[in-house]
There are 2 protein chains.
Amino acid sequence: MSARPRRTTLSTIAASAGVSVATVSKVLNGRSDVAPATRSLVRSLLEQHDYVPSSARRTGDTTIEIQVDGMCAYAAGIVGGTVEAGADSGVSVAIAIKKGPAGGGTAWARDLVSAGRQAVITIAEHPTPAQLAILSRARLPVVVIDPLDLSDTSVSSVGPTNFTGGLIATRHLLALGHSRIAYLGGLATALSSQARLHGYRAAMEDAGVPVLPDYVRTPGFCYAHGVEGAGVLLDLRPAPTAIFAASDECAVGAIHAAKARGLRVPEDLSIVGFDDSEIASMTSPKLTTMHQPLREMGIVALRTALRLAAGERIESAHVELATELVIRESSLTA
Amino acid sequence: MSARPRRTTLSTIAASAGVSVATVSKVLNGRSDVAPATRSLVRSLLEQHDYVPSSARRTGDTTIEIQVDGMCAYAAGIVGGTVEAGADSGVSVAIAIKKGPAGGGTAWARDLVSAGRQAVITIAEHPTPAQLAILSRARLPVVVIDPLDLSDTSVSSVGPTNFTGGLIATRHLLALGHSRIAYLGGLATALSSQARLHGYRAAMEDAGVPVLPDYVRTPGFCYAHGVEGAGVLLDLRPAPTAIFAASDECAVGAIHAAKARGLRVPEDLSIVGFDDSEIASMTSPKLTTMHQPLREMGIVALRTALRLAAGERIESAHVELATELVIRESSLTA
DNA sequence: CTGAAAGCGCTTACAG
DNA sequence: CTGAAAGCGCTTACAG
């Protein structure tokens, strides 16, 4: 390991700008008595050197940042886990809601550094190489939850066992005697649903049951996607007798679509969801679903982030936590 | 306004302890070369003076803290609002999950101060007088969302129009021709559900319809409470033809209890919920419910907190944001 | 506009 | 153990 380079201070900047420390300080504090040319020179130097005020580098208070897409139930579960794990180690968790794609350019990474964060956790989104460069120079580790891409092993990630989950859910339906089993929901672009879909395919193949191309629909994860997608599936001839849905919301939508066609769940149609969210036990019939360990994923992500921040080495760049089949009322013998 | 007393610094502490600044600094940094007696003396002085290291008082990064009970959908909605409003003003939001009652004694307040927070938002829980004293000495404003007690006007609070919401929901059922209307859910101890209940009573009284004591049940806000409470109500003779539930979860539970008794919703039983949470449009029938502006409550709470932190005066210690009736499928003419 | 100088809060190597 | 002294990162009133 090479020696840690000294952090950039005001005097570093002053020296390279050829001005006094006082002037740099004024720029930093937004004083008006600085020539525009001097100001912009100093500003760009400050950026180039990733300047972080020493007061932001305090020792006592550790804060990690978690970036979510919005406060849906899924994100809430994960956030809850990180907060819980943080409280155990006296670490605060700051939440941010992502704006555009890739969290808003390199300014995003720079802001994190100057806000004094010790690590960043993002959900289902990878920082860009430019962002990673800034974060790594600042020694700010990143952990991605539910990663879209596992090829870059320099970024740690945590996810559920999507493939195995899809496999187990489908095997459950096969074991009940179903063979006309459809896959519903998820996005073709989301790694998580791709993996669930491949788990489904693997189980079908194992059982020697062919997968009809029409039996796979990936409109999205929401309730409305479930209603729409299940509608299309149920209007096929022959119609499936069972649906494995990539999310509970989709599964609930499928129940709705089934009832709208006069089908009874589970007597005429078995449905297995994915998530085991709160709604899973509030529907009628209650959902059979794959439990996804959201809270635990948050806990592991936070602990990993903390270990990385402390300079520890991580055993595995990607960790998967077990999903588990919860049998309720929406699945029945064919 | 009296002059702002100077903040406690190491030299304040050193002077009152009769030691040097260096020694105080050592205690602060947990060095071992300090006599135990000196250490404990300095420690207690540090506590007494609410010492906050100057590095925690940085100017650039503003962080407010929001305390939630757990990451349920209700809290998630509010948190989402605060994060959104914070992002607009470059303010970070740190989340904490409450432990015991009153957030864990005075240590809680002290930790907030030394973590450098600029304000605190809590949900449905008031700081104790001892906690308030510490927070006010540190000039750390508190905003309570969904307050349990409005008597202390020194604490700002934000909530939904619970009373009016209960009134409007009940009037809706009255207007549909119902008179055997029951109230279900909420806790007798929660101000929010008390207010909803009184809105219900006011509407009934206005319409000249008596409220039967048996028709009011307050087992709690959850799905299971709804199933249980609605079961009791529906087994009464005469049974109610309509139920106003204090939460969507209760309302969904009531649908379940009704179906279990062979009753059709809304043909045999009308149900109005409260919250307009995600599940409201995922049930069958879809819920007629009072929309609660969670996101907006979060936004207003954060803005209020920021204004207080900036030393501005607030017009009203308590603000209520409008709830709104959303008519879907679970309510029908009697 | 600019910067030398004084000053603040804090830390640390070191002499006692 | 203790503290005088040097030093660090930063800010600010003020002279030019």
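Each chain gets a letter, A, B and so on, in the order its sequence line appears, and its residues count up from 1.
In summary, the side chains of A:Asp146 and A:Tyr74 do present a donor paired with an acceptor at a separation below 3.5 Å, with no hydrogens or angles considered. Using modelled atom types and a 3.5 Å distance limit, the side chains of A:Thr23 and A:Arg39 yield no donor-acceptor pair.
The CG atom of B:Leu10 sits 9 Å away from the P atom of C:dG9 (whole-angstrom rounding). Rounded to whole Å, the distance from CZ on B:Arg31 to P on C:dT11 is 9 Å. The nearest whole Å value for the distance from the CG atom in B:Leu46 to the C1' atom in C:dG9 is 14 Å. With rounding to whole Å, B:Leu41 atom CG is found 15 Å from D:dC1 atom P.
Look at A:Glu312 and A:Arg303 and you find no salt bridge, because none of the NZ, NE, NH1 or NH2 atoms lies under 4.0 Å from a carboxylate O.
For D:dA5 and D:dC1, the P atoms lie 24 Å apart once the distance is rounded to whole Å. Distance noted for atom C1' between D:dG3 and D:dG7: 16 Å (whole Å).
With contacts defined as side-chain heavy-atom distances shorter than 4.5 Å, the pair B:Val120/B:Gln67 qualifies.
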Tabulate protein N/O versus nucleotide N/O from nucleotides 2-6 of chain C, keeping only pairs under 3.5 Å, one per line.
| from | atom 1 | to | atom 2 | distance (Å) |
| --- | --- | --- | --- | --- |
| C:dT2 | OP1 | A:Thr38 | OG1 | 2.7 |
| C:dT2 | OP2 | A:Ala35 | N | 3.0 |
| C:dT2 | OP2 | A:Thr38 | OG1 | 3.3 |
| C:dG3 | OP2 | A:Ser20 | N | 3.2 |
| C:dG3 | OP2 | A:Thr23 | OG1 | 3.1 |
| C:dG3 | N7 | A:Lys26 | NZ | 3.4 |
| C:dG3 | O6 | A:Lys26 | NZ | 2.6 |

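Among the nucleotides C:dG9, D:dC1, D:dG9, the one closest to the side chain of B:Pro36 is D:dC1.
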- Task: Toss me the dot-bracket line for DNA chain D: Watson-Crick and G-U wobble, both under 3.5 Å, 5' to 3', using | for pairs to another strand and [ ] for crossers.
- Result: |||.||||||||.|||

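Using a distance-only test at 3.5 Å, with no hydrogens or angles considered, no donor-acceptor pair links the side chain of B:His49 to the main chain of B:Thr12.
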- Could you walk me through whether B:Arg117 and A:Ser92 pass the side chain to side chain donor-acceptor pair (under 3.5 Å) test, one step at a time? CA-CA 11 Å; B:Arg117 301 288 182 254; A:Ser92 303; 2.8 Å; yes

Just list the side-chain donor-acceptor pairs under 3.5 Å for residues 295-302 of chain A, sequence neighbours left out, or say none.
| from | atom 1 | to | atom 2 | distance (Å) |
| --- | --- | --- | --- | --- |
| A:Arg295 | NE | A:Glu84 | OE1 | 2.9 |
| A:Arg295 | NE | A:Glu84 | OE2 | 3.1 |
| A:Arg295 | NH2 | A:Glu84 | OE2 | 2.8 |

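In plain terms, the two heavy atoms of B:Glu320 and B:Thr161 that are nearest each other are OE1-CA, 3.4 Å.
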